[in-house]
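Only heavy atoms go into these numbers, but all of them, side chains included; no hydrogens, no water, no symmetry mates. Residue numbering restarts at 1 for every chain, and letters A, B, ... go by the order of the sequence lines. Quick caveat: nothing in here was measured; it's all calculated off a predicted structure.
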Amino acid sequence: MHKRFDHQEIEKKWQTKWATDGLYDVGSRDQEKEKEYVLVEWPYPSGNLHIGHWYAFAVPDIYVRFLRMKGKQVLFPMGFDAFGLPAENAAIKRGINPKDWTESNIEYMRNQLASMGNAFSWDKTTSSTDPEYYKWTQWMFTKFFENGLAYRGEGMVNWCPHDNTVIANEQVHADGSCDRCGNQIEKRLMPQWMLRITDFADALIDDLDALDWPEHIKEAQRQWIGRSEGAEIDFELFFTYQPEANANRGPHGEKAALKVFTTRPDTLFGATYLVLAPEHPWITLATDNNHHVLENKEEVLAYARIAKQKGDIERGDNTKEKTGIELKGVVAINPANNERIPIFVADYVLSGYGTGAIMAVPAHDERDFAFAKKFDLKIRQVVVPRTEQKGIEKYQEGKETLHRDCVDMIIEHPTDDTFLLQTDTVTHFVGGGTDGEPAEKAIRREIVEETGFTNFEIVSCVLESAKSIGFRVPKDKNQITNNSFYHVKLKDLTQVASEIDEGKHTVEWVTMEEVNSKIAWEHHRIAWNTFLGSVFSGSGSLINSKEFDGMDSEEAKIAITEKVGGWMTNTYRLRDWSIGRQRYWGVPIPIVYDPEGKAHAIPEEHLPWTLPEDVDFKPTGVPPLAKSQELKERTEKIFGQGWRPEVETMDTFVDSSWYFLRYIDNKNSESFSGVEAQKTWLPVDLYFGGAEHTTMHLLYSRFWQKALHRLGLAEHAEPYARRINRGLILGPDGNKMSKSKGNVIDPDEQVTNVGADTVKMYLAFMGPYAEVNNYPWDMGGIAGIRRFLERVNGLHEHITDTEAKETTVALHKTIKKVSEDIIEFKFNTAISAMMIYINLIEKVGLTKESYRVFLCMLAPFAPHITEELWKTAGEKNSIHLQEFPTFDAVLTIGRTVTIGVQINGKLRGDITIAPDAAEEDAVNMAKNNPQLAEKLSSKIIKKVVYVPGRILNIILDET
RNA sequence: GCCGGGAUGGUGGAAUGGUAGACACAGGGGACUUAAAAUCCCCGGCCCUUUAACAAGGCGUGCGGGUUCAAGUCCCGCUCCCGGCACCA
């Protein structure tokens, strides 16, 4: 029976009671119980809880409460990540101190969080702005500094002109905008405090394998770190402009050489020139006033200057034409064959990656190829790619099919009259002419129509499956109807083809101009280009490589590197983490400089090194702490005359890199997190969060943990055993919520209207939680959940003295389903199962005992109303201290089950039968079923497929 | 371009290879009511043919093939959408 209730009164009452009783305080680790550390990302106290917070915190609470009722000791802490720009900006706007603004927001948000009714372990809370917290942030920084993991570096940094501060690489979006404010960042050269995250690049990649994280996050981190396995090889230089000059030779007299990094040392014999990045130090050296080795020094300098001025975006555009300039007066020696090869400077080589110098192998690298084409440089193929042919072989039977040899022929002889034809008749071919027209004939007709050629023979046909050997469909859809190519050859050239097969012709590379002029249509050129792509990137067996001919690429990589005295090494895309911020509201970097300017860590007894309050923190680009008289005096007082403080603060991602360590031991004044606490609580068993942290917070905190671990300060090398990413809640219009669109759902308003239980259950009901799906908020949908809870509220009116066996079966089935779904974060289907259950109960009634069981099952989802009903039912203790109901496996199986009956694989009716009935009985029942009898009578049964409890499929002999 | 993920009614979404569309929303019809809201009951993928009607049949999970007694699910090949990386050698 539907029965309304006053959610405001009920929820307030129980929230107060739970808080008074400390019902959810977790206390110290109880070794009698299994532990579960469930972490949600601590919020920034912006002053208002939004619906995303609800989705992030209230839904995982179902899981937490379930585990509590299952007897685990569950740590579910909450705190505040309270340093950062918004507080500072708000404070500037209001003319107050960020501290006051932050503290009042925390207070306000704690109340909002309380209205959620979550089972938070408030006794374990912490905040990054608490001096007792940031004292340890600073302490760990000093340990890193003392061990070389934090250092003052000089280099290009990302400067946000809007926020007036440096930001880290991870905090710059792909389009060059700032993660915080969205404005375009600029590059600046300035000294920076860095954390040596690159030291852990291998561990950060390798340790991912053991983590129970979604694959896409692991993959994104791998890509971000960007490990390339390859070799470093020295190319000696030979000077032609001023051979007697030795100024360019190294200080110790060794021969001048350029070091390149390559992932393809197997193609060394094909390296026909070198390219240096415009910023390469050798360019600087060779063009300074002491050296006279370049014939065209001025030209080179001019090019380098222009290249450096270009923005990253312009330089990163790989579609634009390659530019560069040759260094006249010097050549390099290819160590594999002692060939003298030219050296270029070109902006397609990046200074920040590898050694900033590359060996160019135009036959096997598209970029080098494009460059070589433009500058008319030598191109030498040294690897014959092995191409995958899956998909081709499938169509071989009875047909002449496109074999790799055929493709090679097109590629190697693009100047003959071979061409590719693309048509839409491939289905005729493969399907064997379903509409009657023979395949060969259909194709022939197409070709005549398309080309006008009449004297030809069809060599082969290939589906788009030929992708693996290099064919691609053009993007212009108007030109194609089905994705297929035919390889067609003019008849009088067949002779040539067979001679090629016999090896009578040698392989030559040709220019693209020749290719373009000979291939009939634009999309054929695309297919051609794509094939070249597969040559470029492919590995295979070596040619033109002397004693290495015939060797496999992979083997040759090591062998050739060894021969030329190079060494296998890795290079990474990841850069060190720049953490200094020229802003006020953050953790002061605990460093002081002596009168000589040398940096010293502030000793532990002076920590926390507090944030001074006597500053004007308006962002001007000058760090606000530089204006603090108090900080200056404090420094001199402690360390002496002429000492000065570091005036930068830390990136707030530092604060959040270790908060999970503080939660578990939040009152410890001797240590950031005690060994015992770490041993008994860590690692975090489950970390719920959003997708935006993939290559920021999640990467930083893994690094931080590894750094602590290396220094012997942390027990574990990985912080989070399991990660679940959730999606986004969209506005009712299906768009991302934003004030400008006017589609923002205010959770407080929703809670006032329908109650916390309803809001929470509705969020859980939208769809599976552990998938990054975005769900639109639906006003009707939430009303449906409220209706459900009102029916639950009236459920006691259906209590009867006894209930049917099948009703008990339904309850046990529901318990099973709900228990299983919760641990898979499929809260939506768990709720659905409970709805199905009460739909039944309202018709047939339930016993008092079943009613109690049902309430316990619902308790994690709707903690307030179930507590109310529990007490109304005469119980004394909180429902949240009850055990979660268990199911009896025997009782989850009903006496009968309705299964579908198929005849010849098509569903024709159903029968209701015991789940373990014998096949014979099932068939008999089907024969006696009026729906089915007619179809079965007088027919011979050829075969019966019977899966008890599932399906009965009767195959009839139709002949 | 490379890597990861996805596509099921009007909507969110259900389906260990076994009755596709559970559950819920929106919608339609009915009951109650002077009326409305609330509540309760019923209907609901598409199509066509046959039928007065009940019903029977055919087609349906982005597209094309395949495996199987049976495919949303497995295999091969594609299309489109979302996310990450991208002149990274």
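The base of B:rU39 has none of its N or O atoms less than 3.5 Å from a complementary donor or acceptor on the side chain of A:R791. Between the side chain of A:K942 and the base of B:rC69 there is no donor-acceptor pair of N/O atoms closer than 3.5 Å.
Put simply, A:R227 has no side-chain N or O that comes within less than 4.0 Å of OP1 or OP2 on B:rC88. For the pair A:N904 and B:rA70, the criterion of a side-chain N or O lying under 4.0 Å from OP1 or OP2 is not met. OP1 or OP2 of B:rA89 lies within a sub-4.0 Å distance of a side-chain N or O belonging to A:Y353. In terms of phosphate contacts, A:K906 brings a side-chain nitrogen or oxygen within less than 4.0 Å of OP1 or OP2 of B:rC59.
Side-chain atoms of A:H364 come within 3.5 Å of backbone atoms of A:V383 as a donor-acceptor pair (strictly under, hydrogens ignored).
Here, B:rG21 and B:rA31 have their C1' atoms 29 Å apart, quoted to the whole Å. Comparing B:rA14 with B:rA55, their C1' atoms are spaced 29 Å from each other, to the whole Å.
Among the heavy atoms of the strands lying under 4.0 Å from A:R908 are primed sugar atoms or P, OP1, OP2 only; no base atom is included. Residue contacts shown for A:I836 are limited to sugar-phosphate atoms, with no base heavy atom under 4.0 Å away.
Distance CD (A:Q223) to C1' (B:rC85): 4 Å, rounded to an integer number of Å. Taking atom CD of residue A:E170 and atom C1' of nucleotide B:rC85, one finds them 14 Å apart after rounding to whole Å.
A:Y762 and A:W777 have perpendicular rings, their planes meeting at more than 60° on a 0 to 90° scale where under 30° would count as parallel.
Taking the O4'-C1'-N9-C4 or O4'-C1'-N1-C2 dihedral as appropriate, B:rG9 has a value within 90° of 0 and is therefore syn.
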Intra- and inter-strand pairs of RNA chain B in dot-bracket (Watson-Crick or G-U wobble, both distances under 3.5 Å; | for another strand): (((((((..(((.....[....))).(((((.......))))).(((.((....)))))..(((((..]....))))))))))))....
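Residues A:R4 and A:V172 each lie close to RNA chain B; by heavy-atom proximity, the contact nearer the 5' end of the strand is made by A:R4.
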Treat primed atoms plus P, OP1 and OP2 as sugar-phosphate and everything else as base, then score nucleotides 9-14 of chain B 5' to 3': B for base contact with protein heavy atoms under 4.0 Å, S for sugar-phosphate contact only, - for none. ---BSS
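Nearest heavy atom pair, residue A:S553 against residue A:R264, reads OG-NH2, 4.4 Å.
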